[in-house]
Structure formats: structure tokens, C-alpha cells
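Read the numbers this way: they start at 1 and go in the same order the structure lists the ligands and their atoms. Quick caveat: nothing in here was measured; it's all calculated off a predicted structure.
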Amino acid sequence: MTIKEYVAYRKSELTSLIKELNPLPKLVIIQVNEDEASMAYIRGKIKDLQTIGASFEHVKLPLDISEEELLKVIDKYNNDDTVDGILVQMPLPKGISEEKVKEKVIPVKDVDGFHPMSKYIPCTPKGIIDYLENEKIAFSGKNAVVIGRSNIVGKPMAKLLLNKNCNVTVLHSKTTKEDLEFYLAHADIIVVAVGKKYFLENQKFKEDAVIVDVGINRVDGVLYGDCAPDRKVRLQTPVPGGVGLLTRLSMLENLLLCYKERRGK
Ligand code: NAP
């Protein structure tokens, strides 16, 4: 199944589930930037919420809001029983700590899975594992290489793959070119989350390898992945129309989990 087909199928399941719920699950999206990419992400999230029939509130705050005021707004929604999930769109203006904001959202409403005590898996790694499972990709004993070690993608991705009994290698900016090539040539599953257009291109891959391309690189208004398209492998996720859609789907699924957890349904 392509990612588009998979996401459409999962969304139709979510729509049916949500139809049965009263009250509807409600997400609050807090925006404190006018970043072009963030606006596009928020539009996408709102469209998804409308598609599955969930309820939402889009809160736009002034760009010069102080950290203290922003934390107060988050607290208001933390204490609002009608709200099931809270999402603060990153990046935040300079002077506001992303860590403090992530830790302010209470874990039971943390749809992003960013809180250190969150019960929920960060959306991008969750979406990737769920899709690979649906594609019946084998994990146990396989060599997985994760390139990038950010807190929102690389690290949680490596942990999930390890939990699936993969042999996991995490590579980063200090990895030598020779080691990168060595590990890639032996990899069954490659997750690349570096943020550099076509970072992977001419390296050797196993013919039955799976390449999951997390990168979103906007160059002159066009989106490119971290891997050049059409590598000779078993499966390569496209950009656009790949991991971004899986991430959006996971957020909806996490919202439903928040709803069930808090309301005991
Ligand atoms: P990030 O926080 O900037 O982390 C990038 C990682 O890449 C770092 O760990 C860095 O290593 C590593 N890196 C940089 N240069 C490298 C090199 N030459 N060789 C090996 N590793 C290198 O990025 P992120 O938030 O994880 O995002 C990565 C990409 O995924 C971006 O394009 C972002 O837009 C995209 N993204 C997409 C989605 C989606 O839904 N599709 C979601 C999240 C992110 P060091 O730790 O050593 O600096």
C-alpha cells in the first residue's frame, strides 16, 4: 500500500470511530509564529481534524508574547476539561524556551509526545513504525541505521527500532564518510533525518533495503527529501507525500489516545 493509500484508510477508520464519540475529541493548536512552513503544517493539521470530524481551536498569540504569558495560556488549556490535546507549533520566538513549553503541556494532553513523561510516542517515529508494520517489514534481527539524533526524530526512532529487536546504529554529524558508507551498505532499514537535500544519493544500498526519508528541505519553494528519489531498493518513502503524512496521521491517533486515557473510554 502506498503511504497515501494507507493514510486514507487509517483516516477513514478514525472517522468511523469519532462518529461514535460524544463529546468529540478536541485539540487546541497554539501558534506563536508566522513561519511559512509552520502555517502550512497548521493548515494541514486543521484539514485532517476536519476530515475525521474532530473538534479544534486554533489560538494565535502575538509574536512578542513573553515566555511566562505563553506558559499561562498552556496552563489554561491544561486545566480545561473540554480539551483533550494541546499542540504548540514550533519553532517559538527567540527568548522562549522550547524545552519549558514542551514540559508545560501535561503528559495526558501531549499529542506530540514531546513531554519527557509523555505516554505518547512522538508522531514521526510512531507513524514510521506503524506504516512499516502495515507493510509487513521484518524488524527482528535486522540492521537498522538511523541518521540523525534529534529528540523528536532520531533518538525516539532508534529506541522504537531497538524495541522491535533491530540491531540499531545511530549516525550523526561526527560520523565519518567511510563509516556512513559502511553502515549503509549493511543496512536493512535506513531512516534518514538530517535535513540536507539528497544527503543520500550515490552510496551503496542493499537491494532489499527500506529507506525511510524523513527530510523536508525547501529549496526555491520546492520540497526535497534527504535521499535522492528512485534508489534501487525494496521500498523508499517519497518526499513530499511520505513521512509528513504519517506524522500528521500519528497526531490524530495520539489525540484519540489522549481522549480515551483522560475520559476513561
Ligand atoms: P535536527 O534537529 O536538525 O537534527 C539533524 C540531525 O542530523 C542531527 O542529529 C545532526 O547531527 C545530523 N546531521 C547533520 N549533518 C549530518 C551529517 N553530515 N552526517 C550525519 N548526520 C548529520 O533535525 P530533525 O528535527 O531531526 O529533522 C531532520 C529533518 O527531518 C529536517 O529536514 C526536518 O524538516 C525533517 N522533519 C520531517 C518531519 C516529517 O514529518 N516529515 C518531522 C520532523 C522533521 P548532530 O546531532 O551531530 O548535530
Side-chain angles (χ1 to χ4, degrees), residues 2-4 6-7 10 29 33 35-45 47-48 87-92 97-99 101-102 111-114 120-132 144-161 168-185 187 190-203 205 210-229 236-254:
T2 65
I3 289 183
K4 277 191 180 149
Y6 167 75
V7 169
R10 287 292 301 136
I29 301 173
N33 69 37
D35 186 62
E36 192 196 327
S38 296
M39 307 254 255
Y41 291 142
I42 290 175
R43 278 197 300 275
K45 284 165 188 165
K47 198 172 139 221
D48 289 343
L87 184 156
V88 185
Q89 183 64 48
M90 305 287 166
L92 298 171
S97 154
E98 288 196 357
E99 291 318 305
V101 167
K102 285 176 188 168
V111 285
D112 270 328
F114 286 164
Y120 309 108
I121 302 171
C123 297
T124 301
K126 171 181 161 52
I128 292 170
I129 291 285
D130 290 349
Y131 175 66
L132 295 183
V145 169
V146 179
I147 316 174
R149 55 176 166 178
S150 69
N151 290 330
I152 61 164
V153 186
K155 282 184 191 144
M157 189 74 237
K159 191 172 154 196
L160 290 183
L161 288 164
V168 183
T169 308
V170 182
L171 308 179
H172 44 74
S173 68
K174 304 291 182 284
T175 304
T176 63
K177 189 170 169 287
E178 291 71 26
D179 282 340
L180 174 78
E181 286 175 0
F182 171 82
Y183 287 113
L184 287 174
I190 298 161
V191 180
V192 58
V194 167
K196 291 189 174 153
K197 177 186 166 188
Y198 297 172
F199 177 74
L200 298 185
E201 190 166 17
N202 297 320
Q203 296 88 350
F205 305 107
V210 169
I211 301 180
V212 178
D213 190 347
V214 182
I216 300 179
N217 307 293
R218 198 178 287 267
V219 183
D220 297 331
V222 181
L223 295 186
Y224 298 90
D226 280 355
C227 183
Q236 176 178 1
T237 65
V239 177
V243 173
L245 297 180
L246 297 176
T247 302
R248 278 165 58 176
L249 173 66
S250 295
M251 192 278 286
L252 302 174
E253 288 177 332
N254 276 349

OH of Tyr41 to CG of Asp35, rounded to nearest 0.5 Å, is 8.5 Å
Atom 8 (C) of ligand 1: closest protein heavy atom, distance to 0.1 Å, is Arg149 N, 4.0 Å
Among non-hydrogen protein atoms, atom 34 (O) of ligand 1 lies closest to Ile216 O, 3.6 Å
Under 4.0 Å between heavy atoms, the region of Thr175 that gets near ligand 1 turns out to be neither
**Report entry** Donor + acceptor pair across side chains of Asn254, Asp112 (<3.5 Å)
**Finding:** no
heavy-atom search around atom 21 (N) of ligand 1 in the protein gives His172 C, 3.1 Å
For Val214, the atoms of ligand 1 under 4.0 Å from one of its heavy atoms are 30 (O), 35 (C), 36 (N), 37 (C), 38 (C), 41 (N)
dist Leu171:CG -> Thr169:OG1 (nearest 0.5 Å) comes out at 6.5 Å
Near Val243 (heavy-atom distance under 4.0 Å), the atoms of ligand 1 are 40 (O), 41 (N)
Going by the 4.0 angstrom heavy-atom rule, the piece of Thr124 near ligand 1 is side chain
- Message: Can you confirm whether some protein heavy atom lies under 4.0 Å from atom 15 (N) of ligand 1, or whether none does?
- Response: yes
Partner of Glu178 under side-chain contact (heavy atoms from CB on, under 4.5 Å), picked from Leu180, Thr176, Thr175, is Thr176
Logged contact type for Thr247 with ligand 1, heavy-atom cut-off 4.0 Å, is side chain
**Message:** Between Ile129 and Leu161, is there a side-chain heavy-atom distance shorter than 4.5 Å?
**Reply:** yes
Closest to atom 2 (O) of ligand 1 among protein heavy atoms sits Ser150 CB, 3.3 Å
Checklist entry - Heavy atom of Gly154 under 4.0 Å from ligand 1? => result no
- Query: For atom NZ of Lys159, is the number of surrounding heavy atoms from other residues, nucleotides or ligands below 6.0 Å larger than 12?
  - Reply: no
Query raised in the report: Is a side-chain donor-acceptor pair under 3.5 Å present for Ser38 with Asn33?
Result: yes
Output for pair (Ile3 CD1, Arg10 CZ), nearest 0.5 Å, gives 14.5 Å
protein heavy-atom neighbour closest to atom 47 (O) of ligand 1 works out as Ser173 OG, 2.6 Å
**Asked** Are Lys126 and Asp130 close enough that some pair of their side-chain heavy atoms sits under 4.5 Å apart?
**Response** yes
Could you tell me whether ligand 1 has any atom less than 4.0 Å away from a heavy atom of Lys196?
yes
Atom 29 (C) of ligand 1 has as its nearest protein heavy atom Gly195 N, 3.7 Å
Ile147 heavy atoms within 4.0 Å reach ligand 1 at atoms 20 (C), 21 (N)
When rounded to the nearest 0.5 Å, the distance separating CE of Met251 from CG of Leu87 is 6.0 Å
Note: ligand 1 atoms sitting under 4.0 Å from heavy atoms of Ile152 are 25 (O)
Gln236 side chain to Ala228 main-chain N or O, any donor-acceptor pair under 3.5 Å? yes
So the atoms of ligand 1 within less than 4.0 Å of a heavy atom of Phe199 turn out to be 17 (C), 18 (N), 19 (N), 20 (C)
Rounding to 0.5 Å, atoms CG (Leu252) and CG (Asp48) come to a distance of 5.0 Å
Going by the 4.0 angstrom heavy-atom rule, the piece of Leu180 near ligand 1 is neither
Closest to atom 3 (O) of ligand 1 among protein heavy atoms sits Val194 O, 4.6 Å
Closest to atom 12 (C) of ligand 1 among protein heavy atoms sits Gly148 CA, 4.0 Å
d(Thr124 OG1, Ile152 CD1) to nearest 0.5 Å is 6.0 Å
Contact region, Val153 to ligand 1, non-hydrogen atoms below 4.0 Å, reads side chain
